[in-house]
Student: 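Pasting a structure below so you can have a look.
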Amino acid sequence: QVQLVESGGGLVQSGDSLTLACEFFGGAFYDYTMGWFRRQAPGKEREFLAAISWTGRNTYYSDPVKGRFTISRDNSKNTVSLQMNSLKPEDTAVYYCAGDVQWRSWESHYWGQGTQVTVSS
């Protein structure tokens, strides 16, 4: 059974950087496109942020994070990361790792439990 475990969230100031990590357990990590999403408020839909193909050669970013966030993966360690730079208060959210992300639709089969990122002004 696939399990995703995020880490790295916390409280930072506007303009700071933070890196989130996600460990993948229980399946063939290299088979899956992986991604990151966030939910900015309870009841709000999860927002797609970034995806990376199983080879790592193809990536895609949503407009709000393009140029500031970088997704990467290490298939030898079954991990996917999200480097976040120039953080803004509006980046405050619960961030989720996603597995088996469908390219372009961004529908995802597996989800982590989420990690809170809070950006103070």
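Numbering of residues begins at 1 and proceeds along the displayed sequence.
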Student: Looking at every non-hydrogen atom in both residues, tell me the closest pair between Trp103 and Ala51 and how far apart they are.
Tutor: CZ3-CB, 3.8 Å

Student: Can you list everything that forms a side chain to side chain donor-acceptor pair (under 3.5 Å) with Asp31? Sequence neighbours excluded, please.
Tutor: none

Student: Linking directly or through intermediates, with side-chain heavy atoms under 4.5 Å: list the remaining ILVMFWY members grouped with Ile71, chain and number order.
Tutor: Val2, Leu4, Val12, Leu18, Leu20, Phe24, Phe29, Tyr32, Met34, Trp36, Leu49, Ile52, Tyr61, Val65, Phe69, Val80, Leu82, Met84, Leu87, Tyr95, Tyr110, Val117, Val119

Student: Can you list every pair that meets disulfide (SG to SG under 2.5 Å) and has a residue in residues 33-74, with sequence neighbours left out?
Tutor: none

Student: Will you find, in the side chains of Asn85 and Ser17, an N or O donor that is under 3.5 Å from an N or O acceptor?
Tutor: yes

Student: Quick check: closest heavy atoms across Glu90 and Gln40, and the distance to 0.1 Å?
Tutor: O-NE2, 2.6 Å

Student: Determine whether the aromatic ring centres of residues Trp111 and Phe37 are separated by less than 6.0 angstrom.
Tutor: yes

Student: Listed by chain and number, what are the side chain to side chain donor-acceptor pair (under 3.5 Å) partners of Glu107, not counting sequence neighbours?
Tutor: none

Student: If you draw a 6.0 Å radius around NZ in Lys77, do more than 12 non-hydrogen atoms from other residues or ligands fall strictly inside?
Tutor: no

Student: Taking only residues at least two apart or on different chains, which pairs with a member in residues 87-121 satisfy disulfide (SG to SG under 2.5 Å)?
Tutor: Cys22-Cys97

Student: With the side chain counted from C-beta on, respond yes when Ser53 and Tyr60 share a heavy-atom pair under 4.5 Å apart, and no when they do not.
Tutor: no

Student: For residues 24-79, pull every pair meeting disulfide (SG to SG under 2.5 Å), keeping only residues two or more places apart or in separate chains.
Tutor: none

